[in-house]
Structure formats: structure tokens, C-alpha cells
Amino acid sequence: TSTDNATSTTNYISTTTTASGSITMGDDTLSGVYASECLTSASTIAYFVAAGFWASEVNAYGNVFVVTGSDNISIELYTFTDTSCSTSSMSYKTVSDNVTVGSASGSNYPVTYNNQTQAITVHTTAAETALETLYSNALNFIVGTPIELSMSGQFKYGLWTLSGTTWYEASSSSATPTSAGTVPHVKQ
């Protein structure tokens, strides 16, 4: 008889953004690409669909964070029409700079940064319709063509925790979050 050894592969979100540089967090260094798994939380999807940020076709999503310099990151959100995160609905890529890491409280590091630009790309006609509605038809989205918006140096507060190759993060526009979040982002 033969025995088949099944292997489980985790489906992490991918990006085309190039990593460069590193950000020091105490004795640790944040560098490279950190991606979440393909996420299918029905409550999260329902919230963003109801708010008009995502098209009703979205069944999965995920985030990628890319260190792009000594004080720069790319914060990326991807949504998908399928639960295996293979068919894209839309993507948001936010370029942020002036990342400043504060003193740790335990393993949590308070951070601040400025969002500079956000490129939004729709990959389906449903996503195109949803975002044109969201922006009251002030923006003309075209499937496959990114629209870059200025974020005018939007100031953000974050709380980051790095444990080995796993990074947790949370952000807010009003104050440092009290938790670094529960979604693990694994270095790719």
C-alpha cells in the first residue's frame, strides 16, 4: 500500500510592488512584503459592501504591506469575486511616507505616517459601477486602469507588533489604536 502525504498550502495575497529598505522597530527590523491570508469574513465583506466601498460581487479580500524605503510603506487592499482570492474585483494601493516608530509598550510600537497617494484599480464592471456610485460619478473608472488620488499627506496613527516573520498592525486617523489587530501578516 502507499501513503499520500497531503500538504496544505496557505493562500497569501500577492503584490507587484517592489520592497526596498527597512524600518527599525526596537531590536527588530521590518523589511520586505507582509501579506495576509485570503480572508472571507462575511461580516467584514457585508460592512464594506453596504458602505459602498466594495462591489456586491466581493467574496474575499486581503492586505499586503510592503516596506518601500527607510520610512515608506505601501498599504494595499485587494478584493476578489471568488473565495480563493484568484479573481480580482478591485485594488487600493496607498503610498505612505514619514513612518516614525515610537517607543515600545511591551511588543507594541506606536507609529505615525502620512498617506500621500492612493491608486484605485477596478478589475470588473461591477467594481467600476460601485466605485463610480461611491464617488458620485465624479471619477470615471475604467476596468484595468488605475486612478491615482492625492491623500494630501493624510496623517495616520498605527500600532505595530512584529514577532519573527509575523506582523500585526492597526491604524486610525484620530489616535493610536489600543490593539495591533488580529490579522497576521506573514513575511513573504
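The structure presented is a predicted model; accordingly, all values stated were derived computationally and were not measured.
- The cluster map of Ile, Leu, Val, Met, Phe, Trp and Tyr, joined by side-chain heavy atoms under 4.5 Å apart, puts Tyr168 and Ile73 in different clusters.
- In the model, Glu57 has a side-chain atom that pairs as donor or acceptor with a side-chain atom of Ser89 under 3.5 Å.
- Considering Phe53, Phe80, Tyr78, Trp54 in turn, Trp54 is the only one that fulfils the ring pair (Phe, Tyr, Trp, His ring centres under 6.0 Å) rule with Tyr61.
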Ser91 vs Glu76, side-chain contact (heavy atoms from CB on, under 4.5 Å): CA-CA, chis, key distance, verdict: CA-CA 7 Å; Ser91 60; Glu76 304 175 5; over 6 Å; no
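- Proximity of a side-chain donor or acceptor of Thr24 to a complementary backbone N or O of Gly26 within less than 3.5 Å is not detected.
- Ring centers of Tyr34 and Trp167: under 6.0 Å apart, within the cut-off.
- Taking hydrophobic clusters as Ile, Leu, Val, Met, Phe, Trp and Tyr residues chained together by side-chain heavy-atom distances below 4.5 Å, Leu77 does not share a cluster with Phe65.
- No donor-acceptor pair under 3.5 Å is formed between the side chain of Thr176 and the backbone N or O of Gly158.
- For the pair Ser150 (side chain) and Ser152 (backbone), a donor-acceptor distance under 3.5 Å is present.
- Donor-acceptor pairing under 3.5 Å is lacking for the side chains of Lys156 and Thr94.
- Rounding to the nearest 0.5 Å gives a distance of 9.5 Å between CD1 of Ile75 and OG1 of Thr68.
- Contact record, Val67 with Leu30: CG2-O, 3.7 Å, taken as the closest heavy-atom pair.
- Environment of CZ in Phe155: crowded, with over 12 heavy atoms of neighbouring residues, nucleotides or ligands closer than 6.0 Å.
- Side-chain atoms of Ser84 and Ser86 include a donor-acceptor pair closer than 3.5 Å.
- Contact record, Pro146 with Ala119: CB-CB, 4.5 Å, taken as the closest heavy-atom pair.
- When every heavy atom of Ser103 is checked against every heavy atom of Pro110, the shortest pair comes out as O-CD, 3.1 Å.
- The two atoms that bring Ile13 and Cys85 nearest to each other are CD1-SG, 3.8 Å, heavy atoms only.
- Contact of the Tyr135 side chain with the Leu149 side chain is registered, since non-hydrogen atoms from C-beta on lie closer than 4.5 Å.
- Note on Tyr92 and Ile45: same hydrophobic cluster, where clusters join Ile, Leu, Val, Met, Phe, Trp and Tyr whose side-chain heavy atoms are under 4.5 Å apart, directly or indirectly.
- Taken to the nearest 0.5 Å, the CG atom of Asn98 stands 6.5 Å off from the OG1 atom of Thr100.
- Using modelled atom types, no side-chain atom of Glu169 and backbone atom of Ala180 make a donor-acceptor pair closer than 3.5 Å.
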Val99 vs Asn72, side-chain contact (heavy atoms from CB on, under 4.5 Å): CA-CA, chis, key distance, verdict: CA-CA 6 Å; Val99 173; Asn72 308 86; 5.9 Å; no
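- Side chain of Asn115 to backbone of Gly153: no donor-acceptor contact under 3.5 angstrom is found.
- Between the side chain of Asn59 and the backbone N or O of Thr81 there is at least one donor-acceptor pair closer than 3.5 Å.
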Derivation and outcome, side-chain contact (heavy atoms from CB on, under 4.5 Å), residues Val111 and Tyr113: CA-CA 7 Å; Val111 296; Tyr113 52 93; 4.2 Å; yes
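- Residues Ile23 and Ser70 approach most closely at CG1-O, 3.5 Å, considering heavy atoms.
- Looking only at atom types and distance, the side chain of Ser31 has a donor-acceptor partner in the side chain of Lys187 under 3.5 Å away.
- Judged by distance alone, the side chain of Ser105 and the main-chain N or O of Asn108 form no donor-acceptor pair under 3.5 Å.
- Between the side chain of Gln188 and the main chain of Val186, a donor-acceptor pair closer than 3.5 Å is present.
- The line from CG of Leu139 to CD of Glu128 is 12.0 Å long, rounded to the nearest 0.5 Å.
- From Asp97, atom CG reaches atom OG1 of Thr117 across 9.0 Å, with rounding to the nearest 0.5 Å.
- Put simply, Met90 and Ile147 are part of the same group of oily side chains (I, L, V, M, F, W, Y) that touch within less than 4.5 Å, one to the next.
- Smallest separation of non-hydrogen atoms from Thr17 and Lys93: OG1-NZ, 3.3 Å.
- To the nearest 0.5 Å, atoms OG1 (Thr44) and CG (Leu39) are separated by 8.0 Å.
- Cluster annotation: Phe48 is connected to Leu131 through the hydrophobic network of ILVMFWY side chains, with a link wherever side-chain heavy atoms come within less than 4.5 Å.
- In this structure a side-chain-to-backbone donor-acceptor pair under 3.5 Å is present from Thr124 to Ala127.
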Residue pair Gln154, Asn114: steps toward the side-chain contact (heavy atoms from CB on, under 4.5 Å) verdict: CA-CA 5 Å; Gln154 179 188 74; Asn114 291 302; over 6 Å; no
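- Going from atom CG of Leu159 over to atom OG1 of Thr178 covers 8.0 Å, rounded to the nearest 0.5 Å.
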